[in-house]
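The block underneath contains the structure these notes are about, expressed in structure tokens.
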Amino acid sequence: MKIRTRFAPSPTGYLHIGGARTALFSWLYAKKMGGEFVLRIEDTDRERSTQEAVDAILEGMNWLGLSHDEGPVYQTDRYDRYKEVIKTLLNEDNAYYCNCSRERLDKMREEQMANKQKPKYDGCCRDKGLAEAEDTVVRFKNPLEGDVEITDHVRGKVIVSNQEIDDLIIERSDGNPTYNLTVVVDDWDMKISHVIRGDDHLNNTPRQINILKALNAHIPEYAHVPMINGTDGKKLSKRRDAVSVMQYRDDGYLKEAVINYLVRLGWSHGDQEIFSPEEMIEKFDIDDINKSSSSLSIEKLQWLNQHYMKQMTPVQLAKELQFYIKQANLDITDGPNLVEVMKVYQERCSTLVELVEDIRYFYEDITEYNAKQAKKQFKPAAAEVLQSLKDSYEALDDWSAEAIHQVLENTVEKLEIGFGKVGQPLRLAVTGHGRSPSIDITLELLGKQQTLIRLEKAIEFIESYL
RNA sequence: GUCCCCAUCGUCUAGAGGCCUAGGACACCUGGUUUUCAUCCAGGCAACAGGGGUUCGACUCCCCUUGGGGACGCCA
């Protein structure tokens, strides 16, 4: 049998990080098995589904490179089919019309809760043989006795008593089918062999299996993957955590890092931390997915991101950075060649956003000096050092890192002070803060003219301070 | 409340009864390299939730407790 997996989000918001991981797992498994990955949009909730959300999900999938082999299939395009299945269920006495009012249902639930019982539909209309009417819904006739057994690739065997499951609504009073019916029909029709989805659906599985059985349909294999918690170990929260996948891109993370981070959340292969896409496909297996939920760790993501940034070629990195340069409103037309800057900067940052900010001084005037550094480096004596450097650099024709470095050494010797007393004030003068690549390379990239201007400014700054 | 699921360092995890004095990674700390920062290298701190069984022997199996999560919708 051909392996077919699917990702079936409901378009009520962006693609969130947990959904992305589920999609990744489904995608990896399909790829590994030489199967197909289907994208299905579960938009039967007409109230909440939006086109913007569909676009956002597609954008997220696209960014991560989780391409689908089939779809996107929209459930709203398949209403005729759902109607047909519901009719079959009705005809075969596996479903019935129900005219219980919402008020009655609400009241019943309340009473059951008060009686320390699990709220369940009491089957009031189950044997009434009601006909379709204005306010009727269709309910599935769940078996009254026996157990449902789920064999899950992550959980193992899970057994649920049918007494725990009530007669769920499969068609709303407005004629729209509901989730539990549509997933079942779609997974069946689309010949989905493996349903890989979030843990939150585990409780729905027994009722879905019952519907499948009533339909005499093939029951797929299941893998319910655990949830992802926020950085504090609690449920993901929009306020604390970056939940949307695109937020990670905007925050300066490479898709390679995000994918690698996600694959290791709930899955592992021995002690290996870094996986190329090919390795992931080769080594991933749904039987190796962990049972317990995991928490997000931005530090680890940052480490992975830095790893992938270091691994890129300067040209690739420069290309990748374009998006962030635009976002940061930085104009790089005047200043050193970006690729050259990447060469000396790519090991120094953990996100692309940070990288843009770190190289900003090459392309824009310094508006202020880092206060802490200024206090430390811009002491009165530094003005003299900077003046000496400025004089020497002014006279320097060969603006190469080697020559620049030679000047530095000469200055150290001439003034009889330590390297730190020269290098650090100089670094602060030209970059505005205390960190940069080797100071000679930094100056070379910055250029002679800018170097002299900034030295002059720094000297003025120190003198005005006195 | 009822049902279902889960439980190893702060975090991600290895561990499928003896290989465990519980391994790796991130973070953190220390030292080295670096005129700075970062990288890199060396080292360190740090966990089997608790209690009962089963067994010659439990991180590994069973039960209970505790703690966390999920479901209980005319949402998906």
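Predicted model, so just to flag it, every value in this text is computed and none were measured. Letters A, B, ... are given to chains in the order of the sequence lines, protein chains preceding strands, and every chain is numbered from 1. Computed over heavy atoms, backbone and side chain alike; hydrogens, waters and symmetry mates excluded.
To the nearest whole angstrom, the two P atoms, one in U11(B) and one in C28(B), are 16 Å apart. If you take atom C1' in A46(B) and the same atom in U13(B), they sit 15 Å apart, rounded to whole Å. The P atoms of A22(B) and U66(B) are separated by 30 Å, rounded to the nearest whole Å. Using atom P as the reference point in both A49(B) and C6(B), the two lie 15 Å apart (nearest Å). Separating the C1' atom of C3(B) from that of U8(B) is a span of 28 Å, rounded to the nearest Å. Taking atom P in both C41(B) and A27(B), one finds a spacing of 13 Å when rounded to whole Å. Taking atom C1' on both nucleotides, G24(B) is separated from G15(B) by 12 Å, rounded to a whole Å. A distance of about 10 Å separates the C1' atoms of U39(B) and U33(B), rounded to the whole Å.
P437(A) comes within 4.0 angstrom of a nucleotide base, judged by non-hydrogen atoms across all strands. Here L304(A) lies out of heavy-atom contact (under 4.0 Å) with every strand. Within 4.0 Å of Q306(A), counting heavy atoms only, lie sugar-phosphate atoms of the nucleic acid but no base atom. Nucleic acid contact for G198(A): none, since no nucleic acid atom lies under 4.0 Å from a heavy atom of the residue. V158(A) comes within 4.0 angstrom of sugar-phosphate atoms only, judged by non-hydrogen atoms across all strands, and of no base. S292(A) comes within 4.0 angstrom of sugar-phosphate atoms only, judged by non-hydrogen atoms across all strands, and of no base. Contact annotation for Q424(A): base contact, defined as any heavy-atom pair under 4.0 Å involving a base atom. Among the protein residues, S173(A) comes within range of the nucleic acid bases, having at least one heavy atom under 4.0 Å from a base atom.
Note on N115(A): every side-chain N or O is 4.0 Å or more away from OP1 and OP2 of U2(B). Considering only side-chain N and O atoms, T44(A) lies under 4.0 angstrom from the phosphate OP1 or OP2 of A76(B).
Here the C1' atom of nucleotide C4(B) and the CG atom of D147(A) are 13 Å apart, to the nearest Å. In this structure, the CG atom of L265(A) is 7 Å from the P atom of C12(B), given to the nearest Å. The distance between atom CG of N290(A) and atom C1' of U11(B), rounded to the nearest whole Å, is 14 Å. Taking atom CG of D167(A) as the reference point, atom P of G73(B) lies 13 Å away to the nearest angstrom. In this structure, CZ of R48(A) is placed 12 Å from P of C74(B), rounded to the nearest angstrom. The CG atom of D358(A) sits 13 Å away from the P atom of U39(B) (whole-angstrom rounding). Distance CZ (R197(A)) to P (C4(B)): 18 Å, rounded to an integer number of Å. Atoms CG (D288(A)) and P (C12(B)) sit 18 Å apart, rounded to a whole Å.
Residue H224(A) forms a side chain to side chain donor-acceptor pair (under 3.5 Å) with just one option from R155(A), H153(A), H201(A), R197(A), and that option is R197(A). The side chain to side chain donor-acceptor pair (under 3.5 Å) test with D167(A) singles out one residue from R139(A), K141(A), R126(A), and that residue is R126(A).
Nucleotide U36(B): unpaired (no Watson-Crick or G-U wobble partner with both distances less than 3.5 Å). Pair assignment for A7(B): U66(B), on the basis of Watson-Crick or G-U wobble contacts that are both within less than 3.5 Å. Shown here, G31(B) forms a base pair with C41(B); the pair counts as Watson-Crick or G-U wobble because both key distances fall under 3.5 Å.
In this structure a side-chain-to-backbone donor-acceptor pair under 3.5 Å is missing from D285(A) to D288(A).
The pair E84(A)-K87(A) fails the salt-bridge criterion, with no side-chain N (NZ, NE, NH1 or NH2) lying under 4.0 Å from an Asp/Glu carboxylate O. In this structure, K120(A) does not pair ionically with E164(A), as no charged nitrogen and carboxylate oxygen lie closer than 4.0 Å. Between R6(A) and D186(A) there is no salt bridge, since no side-chain nitrogen of the basic residue lies less than 4.0 Å from a carboxylate oxygen of the acidic one. Taking 4.0 Å as the cut-off between side-chain N and carboxylate O, R109(A) and D106(A) count as a salt-bridged pair.
A distance below 6.0 Å separates the ring centres of F378(A) and Y369(A). Separation of the Y261(A) and W303(A) ring centroids does not fall under the 6.0 Å cut-off. Ring centroid separation for the pair F25(A) and W267(A) does not come in under the 6.0 Å cut-off.
For R427(A) and U36(B), a side-chain-to-base donor-acceptor distance below 3.5 Å is present, hydrogens and geometry of angles not being considered. For R102(A) against C74(B), a side-chain N or O and a base N or O form a donor-acceptor pair under 3.5 Å.
Side-chain atoms of T178(A) lie closest to A76(B) of the nucleotides U11(B), A76(B), U35(B).
Under a cutoff of 6.0 Å and an axis angle of 45°, R78(A) and W188(A) do not form a cation-pi pair.
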Indicate for each nucleotide in nucleotides 22-34 of chain B, in 5' to 3' sequence, whether protein heavy atoms under 4.0 Å reach the base (B), only the sugar-phosphate (S), or nothing (-). -BBBSS-------

Per-nucleotide protein contact string for nucleotides 65-72 of chain B (B base, S sugar-phosphate only, - none; heavy atom under 4.0 Å): -----BSB

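The 5' end of RNA chain B is approached more closely, in terms of each residue's nearest nucleotide, by L408(A) than by the other of L408(A) and P9(A). With the nearest nucleotide of RNA chain B identified for both Y179(A) and I159(A), I159(A) has the one nearer the 5' end.
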Side-chain atoms of residues 9-18 of chain A: list all donor-acceptor pairs with protein atoms under 3.5 Å, sequence neighbours left out, distances to 0.1 Å.
from	atom 1	to	atom 2	distance (Å)
H16(A)	ND1	G18(A)	N	3.2

